[in-house]
S.K.: 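To start, I am sharing the structure in question, which I have written as structure tokens.
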Amino acid sequence: MRCAGDLALEDEFAEAVDEVGKEIDVSKDGGVRKIIKKVGAGYEVPEKGDKVTVHYTGTLEDGTKFDSSRDRDDPFTFTLGQGQVIKGWDLSVATMKKGESATVIIRGDYGYGAAGSPPKIPANATLHFDIELLSWRSDKDLTGDGGVIKTILAEGKGWANPGKDDVITLELKATSLEGTDTVYTSPEGGYQVTLASGGADAPFFCRALEVALPEMKKGERATLVVKPQYGPVQGPGAGEALEIEVTLVDWQKVERLPGGVVKRTLVSTDEWQTPNEGATVTLAYTARLAVDGTVFDERTTESPLVVETDADALPEGLEAAVMKMKKGEKCVVMVPAALAYGSEGSDQPMARVPADVDVEYEVTLVDHKQAKGSWEMSTPEKIAAAIARKEKGNAYFKAGRVGRAVRQWNQAEEIIKYDDAFSAEEKEESRAVKKSVQLNLAAAHLKEGSWTEARKAATSVLDHDSFNLKGLFRRAQAYLGTFDFVEAEQDIKKGLGVDPNNADFNALHRKWKVAQAAAGKAEAKLYSKMFAPRPSAARPQAAEAAPAAEVAPASEPIAAV
């Protein structure tokens with residue numbers, strides 16, 4: 001059984017599917033009808049401003065042929081949507097895919113109208129065209145002011161575009177439009193650039209490339225006609241109008257992970273699955289000191305490292321990157337000292353890692369075996385696994401490794417997230433674990449200054465246990481962190497109502513009073529400055545004597561007061 005909504009969606013999808021013999025009312029009023037004779041390739045259609053090339057044969061309703069590009073063996077090219085052809089052509093060709101052939105029937109008001117086109121086309125004539133869309137070339141104004149006009153010469157592959165941090169490999173040739181001299185030609189194999197650097201790391205770069213590259217696909221080749229203001233600021237081509245032929249050869253995806261870890265993909269893969277928590281991963285890598293390139297550890301594909309992801313066998317930063325890798329992927333991972341070997345350093349198989357030194361791994365995920373998923377576990381197994389992760393998180397937190405603790409606690413909660421099928425006793429046990437985990441997460445987020453996340457975690461506990469003292473205490477701390485004094489006071493008073501002699505709540509109440517008083521004074525000072533009378537024009541001597549800093553500018557930040 002399907003509902004009306006499902007039927008509507010299916011009908012809409014059916015409307016979008018091309019097939020031979022299908023008739024489409026292009027103009028929606030019967031004025032332009034298209035009957036497909038040959039289905040085109042792909043899904044893309046030309047856009048307004050594209051230069052389209054077609055073959056056509058035009059006939060009157062009685063079959064009289066009045067024109068044919070095929071008879072001349074001369075394809076016809078025009079700019080779509082610019083009024084260079086009759087309205088019915090602009091509308092119908094805009095719906096066609098590359099290689100598509102169709103019979104297009106155009107009513108007089110979408111054709112040559114009452115004037116006709118003597119001597120061959122009478123007034124108000126309905127015309128029949130057999131049209132084949134051979135190709136099109138996109139000319140696109142990337143900047144909206146004609147500063148960079150892009151024409152695609154060869155379509156790219158896939159759907160993805162490079163990001164600002166990705167390492168892009170491109171080939172290009174820049175030519176002066178004024179003197180037709182070659183300004184720059186890239187070396188064989190091209191060169192690399194990152195958009196985030198603004199081209200500082202490239203031998204040739206300009207604003208035109210900065211706006212064009214984010215819209216290009218792998219393998220795409222295009223020409224850019226560039227006005228001087230979008231060309232190089234200095235060096236070859238500066239101040240000139242240029243034509244740049246550019247090919248986006250490839251790019252290496254760069255991801256910035258928490259804690260300053262940077263993952264750059266060298267070899268991608270068509271695999272989709274990444275390791276889950278507790279998965280067994282097989283790694284080949286070369287590990288170096290970032291400061292001088294000294295190799296301190298190495299594993300090959302013949303002798304790889306096989307470890308579990310949450311067994312504390314890998315540096316925290318490396319493990320975070322591996323958790324985002326797919327089988328066969330090869331990456332360079334930059335790991336800051338704090339998430340590698342820290343302030344103590346470490347003796348490794350090939351060299352010692354000194355204290356407070358960043359490290360770099362060139363690592364391949366050779367294989368991974370997923371840990372048992374929660375959907376594969378029985379209810380007792382789920383509860384046992386959640387408790388084990390909670391305890392592991394507790395141990396990490398006590399050791400000061402907050403990031404690893406949060407990962408374990410989040411995973412513990414995820415395992416028992418859905419407990420509708422649990423028995424009453426199992427639900428009670430599950431809820432106790434969830435409460436403990438959320439209180440721990442609130443504490444971890446407070447430690448990191450993540451006030452909003454701390455508040456959310458504490459609130460999830462209070463939603464089920466509104467007088468939970470730890471929940472009230474940690475949420476009040478979170479409210480203080482965001483200067484929400486009214487909400488903080490409510491939680492503090494509620495906690496004191498449960499336990500008037502609680503030392504922690506009484507200390508927090510004193511802290512709240514000090515913070516609120518300080519905030520009140522700061523606000524009063526700010527407003528006194530904002531509304532202080534300015535020197536009058538009638539007293540020029542006083543105005544000259546008053547220092548400028550006495551009148552606070554309207555943009556003075558509140559936090560600075």
S.K.: Taking C-beta and beyond as the side chain, do Ile105 and Val32 meet within less than 4.5 Å on heavy atoms?
M.R.: no
S.K.: Check Lys327 with Asp367, please: is the shortest side-chain N to carboxylate O separation under 4.0 Å?
M.R.: yes
S.K.: Hey, are Glu319 and Lys324 close enough for a salt bridge, meaning a charged N less than 4.0 Å from a carboxylate O?
M.R.: no
S.K.: Is the closest basic N to carboxylate O distance between Glu44 and Lys97 below 4.0 Å?
M.R.: no
S.K.: Tell me, which pairs form a salt bridge (Lys or Arg N to Asp or Glu O under 4.0 Å) where one or both residues lie in residues 235-246, sequence neighbours left out?
M.R.: Arg221-Glu245
S.K.: With no hydrogens and no angle check, just 3.5 Å: does a side-chain donor-acceptor pair link Thr95 and Lys34?
M.R.: yes
S.K.: So for atom CG, which belongs to Asp145, do other residues, nucleotides or ligands contribute more than 12 heavy atoms lying within a distance under 6.0 Å?
M.R.: yes
S.K.: Could you check whether Asp270 pairs with Lys326 (Lys NZ or Arg NE/NH1/NH2 to Asp/Glu carboxylate O, under 4.0 Å)?
M.R.: no
S.K.: Output, in order, the C-alpha distance, side-chain angles, deciding distance and verdict of salt bridge (charged side-chain N to carboxylate O under 4.0 Å, His left out) for Lys253 and Asp166.
M.R.: CA-CA 5 Å; Lys253 185 174 179 58; Asp166 295 346; 5.0 Å; no
S.K.: Parallel, tilted or perpendicular: which fits the ring planes of Phe204 and Tyr184, with parallel below 30° and perpendicular above 60°?
M.R.: parallel
S.K.: Is it true that Glu220 and Lys157 have a side-chain N and a carboxylate O under 4.0 angstrom from each other?
M.R.: no
S.K.: CD of Glu47: more than 12 outside heavy atoms within 6.0 angstrom?
M.R.: no
S.K.: Under 3.5 Å, is there a donor-acceptor pair between the Ser69 and His55 side chains?
M.R.: yes
S.K.: Would the distance check show the side chain of Asp25 and the main-chain N or O of Lys28 forming a donor-acceptor pair, the cut-off being under 3.5 Å?
M.R.: yes
S.K.: Counting only heavy atoms not in Gln234, do more than 12 sit closer than 6.0 Å to its CD atom?
M.R.: no
S.K.: Indicate whether any N or O donor in one side chain lies under 3.5 Å from an N or O acceptor in the other, for Thr265 and Ser268.
M.R.: no
S.K.: Apply side chain to side chain contact (heavy atoms under 4.5 Å, CB included) to residues Glu362 and Arg288 and explain how you reach the verdict.
M.R.: CA-CA 8 Å; Glu362 187 172 301; Arg288 300 181 177 89; 4.3 Å; yes
S.K.: Near Arg256 CZ, under 6.0 Å, is it more than 12 heavy atoms from other residues, nucleotides or ligands?
M.R.: no
S.K.: Whether the Thr169 and Asp250 side chains hold a donor-acceptor pair (N or O, under 3.5 Å, no angle test) is what I'd like checked.
M.R.: no
S.K.: If you measure from NZ on Lys87 to OG on Ser92, what distance do you get to the nearest 0.5 Å?
M.R.: 12.5 Å
S.K.: Flag the pair Arg72 and Asp67 as a salt bridge only when some basic side-chain nitrogen lies within less than 4.0 angstrom of an acidic carboxylate oxygen.
M.R.: yes
S.K.: Is it the case that over 12 heavy atoms from other parts of the model lie below 6.0 angstrom from the NZ atom of Lys330?
M.R.: no
S.K.: Between Glu132 and Lys98, is there a salt bridge with N-O shorter than 4.0 Å?
M.R.: no
S.K.: Is there any ring-ring contact (aromatic ring centres under 6.0 Å, His included) pair reaching into residues 217-264, and which pairs are they, with sequence neighbours excluded?
M.R.: none
S.K.: Show your working on salt bridge (charged side-chain N to carboxylate O under 4.0 Å, His left out) between Arg389 and Asp310 and close with a plain yes or no.
M.R.: CA-CA 10 Å; Arg389 291 199 177 277; Asp310 63 352; 2.7 Å; yes
S.K.: Are any of the side-chain nitrogens in Lys140 or Glu215 under 4.0 Å away from the carboxylate oxygens of its partner?
M.R.: yes
S.K.: Output yes when Lys38 and Glu100 qualify as a salt bridge under the 4.0 Å nitrogen-oxygen rule, no when they do not.
M.R.: no
S.K.: Kindly state each residue pair satisfying side chain to side chain donor-acceptor pair (under 3.5 Å) with at least one member in residues 109-127, sequence neighbours excluded.
M.R.: Asp29-Tyr110, Arg107-Asp109
S.K.: Do Thr77 and Thr53 have side-chain atoms, one donor and one acceptor, less than 3.5 Å apart?
M.R.: yes
